[in-house]
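Remarks on the structure that follows.
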Number of protein chains: 4
Amino acid sequence: MSGINKVILVGHLGKDPEVRHLDGGVTVASFPLATSETYNKDGKRIEQTEWHNIVLWRGLAEVASKYLQKGKLVYIEGKLRTRSFEDREKVKKYVTEVVAENFTILGRKSDFENTPVTSENATPKAETDYLDSADTNGDLPF
Amino acid sequence: MSGINKVILVGHLGKDPEVRHLDGGVTVASFPLATSETYNKDGKRIEQTEWHNIVLWRGLAEVASKYLQKGKLVYIEGKLRTRSFEDREKVKKYVTEVVAENFTILGRKSDFENTPVTSENATPKAETDYLDSADTNGDLPF
Amino acid sequence: MSGINKVILVGHLGKDPEVRHLDGGVTVASFPLATSETYNKDGKRIEQTEWHNIVLWRGLAEVASKYLQKGKLVYIEGKLRTRSFEDREKVKKYVTEVVAENFTILGRKSDFENTPVTSENATPKAETDYLDSADTNGDLPF
Amino acid sequence: MSGINKVILVGHLGKDPEVRHLDGGVTVASFPLATSETYNKDGKRIEQTEWHNIVLWRGLAEVASKYLQKGKLVYIEGKLRTRSFEDREKVKKYVTEVVAENFTILGRKSDFENTPVTSENATPKAETDYLDSADTNGDLPF
DNA sequence: TTTT
DNA sequence: TTTT
């Protein structure tokens with residue numbers, strides 16, 4: 001009972017998010033994310049890249065489709081989920097995805113330039129988690 | 001711009017949560033949490049304990065006051081916040097606290113026994129984060 | 001360049017670790033880990049379990065094979081890695097695994113009882129990370 | 001027994017690292033790190049910054065003093081530690097610090113330009129954690 | 001005291 | 001398929 005299933009990634013989008021609208025009006029977005037680590041081996045710099053399938057639902061999917069593009073650097077928090085599906089030849093296959101619960105754009109200023117600050121582009125659902133505590137940090141004498 | 005401030009703890013409560021109701025009806029709970037690590041030094045087992053000040057707001061505070069008691073093992077996710085206050089001698093002091101955004105009780109089954117499952121003891125706010133994705137894991141062919 | 005690929009799990013082992021010794025003397029261990037989350041849906045308690053393939057290398061594999069058994073509750077920290085392999089019919093397949101970098105047994109005291117403290121059962125490699133700072137927390141006046 | 005005490009931060013250095021060499025030749029480095037979060041309140045963009053005291057020991061301290069400077073964006077992983085000390089008036093005080101166990105520079109290319117890749121500037125101790133698994137990802141048929 |  |  002009661003476990004923890006948490007993934008934390010910082011990496012670059014390999015493609016623009018692909019958005020779908022399911023029956024019932026639910027929005028889903030997905031994109032590949034690359035996390036690379038670099039290390040020295042015998043004095044040579046070696047880079048190793050891992051690719052992750054990121055999936056976002058509903059409000060997060062919509063925010064992602066607006067603000068994330070191929071190449072951008074993002075912090076993503078989510079959980080692992082392995083699903084099965086049938087490929088075109090009706091063979092059962094498995095994929096493991098990271099279902100995002102939260103994300104934050106990192107990186108250069110230019111990455112934020114097309115992110116106008118109006119009351120319309122609502123705070124990403126992820127950020128609203130913070131609102132609760134953010135507006136309540138009064139100075140109580142614990 | 002845009003940073004990450006995340007704390008992940010697994011430890012035991014040092015005391016029962018202390019609950020307060022602020023003006024305006026906001027609930028705050030707090031308790032000390034011990035995380036200990038054990039390591040071998042010269043063949044001897046050494047245990048080192050660190051104490052953390054945990055603070056919870058609103059709905060989370062209420063769930064905590066119901067289900068958490070001294071001694072229980074919990075997973076807590078939150079963020080660091082340092083605040084200043086004046087002590088009795090009007091000296092300015094600082095405390096660093098972990099503002100919880102999420103928690104899960106770990107440990108023995110008996111720890112859950114007094115946690116009846118009715119529609120009344122609402123899902124902790126933290127857990128509702130999961131609901132979004134949990135009820136939408138249909139089998140879309142990405 | 002420079003990414004983060006981190007997984008944090010708390011769950012129960014589905015089986016005893018399976019240990020292999022590769023050519024060259026490298027030890028690898030692996031086991032399935034279940035993380036379950038419980039939430040209320042329409043007043044009913046619903047439990048959803050996710051299974052993860054955990055892989056451990058070298059020293060960590062050896063410590064795991066000694067101290068971890070089916071049913072135990074563990075905290076695992078690691079990274080995601082997707083590899084391809086050929087199944088018996090020579091079909092290329094993919095699996096995503098969590099390569100553990102660290103683990104800690106959680107749970108009941110009885111779970112630790114068969115963990116004698118001698119200088120022989122070396123500190124898990126994971127725990128040695130902590131040693132560095134643990135033995136140097138003198139009281140320097142920063 | 002057996003807890004988890006983990007901090008994950010992404011933020012900018014407020015100052016260059018300050019390095020000290022203790023008696024016995026141990027190196028310690030420290031610097032303030034700012035993590036800011038931005039959220040909408042009544043249609044206005046509000047930024048809230050939290051400052052953290054980062055401390056690094058030994059090898060990590062040396063790598064930090066070489067590659068980190070005021071203003072850089074870093075990912076830091078570590079643990080919380082609260083210590084007491086006496087201020088100039090002999091009053092006992094407490095500080096909570098993040099003892100880094102790992103860090104990665106994020107951000108612009110220009111941030112890496114003064115990071116020549118030679119066999120001399122050794123892999124940060126943190127990164128060596130990855131080496132173990134990185135050079136062993138052979139294709140075993142689990 | 002950082003960054004956008 | 002990203003980035004440096």
Side-chain angles (χ1 to χ4, degrees), chain A residues 9-18 30-40 44-54 64 67-76 97-98 103-117 121 127, chain B residues 1-5 80 82 84 94 142, chain C residues 1-5 82 94 142, chain D residues 9-18 30-40 44-54 64 67-76 98 103-117 127:
Chain A
L9 303 172
V10 176
H12 293 92
L13 280 82
K15 295 186 186 170
D16 284 353
E18 195 180 310
S30 60
F31 55 82
L33 187 87
T35 57
S36 16
E37 58 178 275
T38 326
Y39 58 91
N40 279 329
K44 277 191 300 183
R45 202 112 195 110
I46 296 188
E47 181 168 320
Q48 190 165 316
T49 297
E50 189 68 35
W51 286 95
H52 311 271
N53 305 308
I54 311 296
Y67 299 119
L68 299 183
Q69 292 88 31
K70 177 174 172 173
K72 281 206 176 158
L73 182 66
V74 275
Y75 167 94
I76 291 178
E97 298 162 327
V98 173
F103 73 82
T104 298
I105 304 179
L106 302 172
R108 294 157 247 149
K109 196 191 162 197
S110 57
D111 288 346
F112 298 94
E113 267 159 13
N114 53 347
T115 311
V117 180
N121 55 32
E127 284 187 32
Chain B
M1 222 224 103
S2 74
I4 301 300
N5 172 358
L80 289 169
T82 300
S84 63
Y94 295 87
F142 281 115
Chain C
M1 222 224 102
S2 75
I4 301 300
N5 173 357
T82 299
Y94 294 87
F142 280 115
Chain D
L9 304 172
V10 176
H12 292 93
L13 280 82
K15 294 186 187 171
D16 285 353
E18 195 180 308
S30 60
F31 56 82
L33 187 86
T35 58
S36 16
E37 59 179 275
T38 325
Y39 56 93
N40 278 329
K44 277 191 298 183
R45 201 114 195 108
I46 296 188
E47 180 167 322
Q48 190 167 315
T49 297
E50 188 68 37
W51 287 96
H52 311 272
N53 305 307
I54 311 296
Y67 299 120
L68 299 183
Q69 291 89 31
K70 177 175 172 171
K72 282 205 175 157
L73 182 67
V74 275
Y75 167 94
I76 291 178
V98 173
F103 73 82
T104 298
I105 304 179
L106 301 171
R108 294 157 247 151
K109 195 192 162 196
S110 58
D111 288 346
F112 298 94
E113 267 160 13
N114 54 347
T115 309
V117 180
E127 285 187 32

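To find a chain, count down the sequence lines: A is the first, B the second, and so on, and within it residues start at 1.
Looking at D:Thr49, its side chain has no donor and acceptor atom pair within 3.5 Å of the base of E:dT3.
The interatomic distance linking A:Ile105 (CD1) with E:dT4 (C1') rounds to 12 Å, in whole Å. The interatomic distance linking A:His12 (NE2) with F:dT2 (P) rounds to 11 Å, in whole Å. Atoms CG (D:Leu33) and C1' (E:dT1) sit 11 Å apart, rounded to a whole Å. In this structure, CG of D:Leu106 is placed 20 Å from P of F:dT2, rounded to the nearest angstrom. Nucleotide F:dT3 holds its P atom 22 Å from the OH atom of D:Tyr75, rounded to whole Å. Counting to the nearest Å, the P atom of E:dT3 and the CH2 atom of D:Trp51 are 8 Å from each other. Here the P atom of nucleotide E:dT2 and the CG atom of D:Asp16 are 11 Å apart, to the nearest Å. Between A:Glu50 atom CD and F:dT4 atom P the separation is 20 Å, expressed in whole Å.
Taking every side-chain heavy atom of D:Ser36 into account, E:dT2 is the closest of F:dT1, F:dT3, E:dT2. Comparing E:dT2, F:dT2, E:dT1 by their nearest atom to the side chain of D:Ala34 picks out E:dT2.
Shown are D:Thr35, D:Leu73, D:Leu33; of these, the side chain to side chain contact (heavy atoms under 4.5 Å, CB included) with D:His12 is made only by D:Leu73. Checked options D:Val10, D:Leu106, D:Leu68; the residue passing with D:Val74 is D:Leu68 (criterion: side chain to side chain contact (heavy atoms under 4.5 Å, CB included)).
Residues forming a side chain to side chain donor-acceptor pair (under 3.5 Å) with A:Thr49 (at least two apart in sequence, or on another chain): none.
Using P as the reference atom, E:dT4 and F:dT4 are 16 Å apart when rounded to the nearest Å.
Checked by atom type and distance alone, the side chain of D:Asp16 pairs as donor or acceptor with a backbone atom of D:Lys70 at under 3.5 Å.
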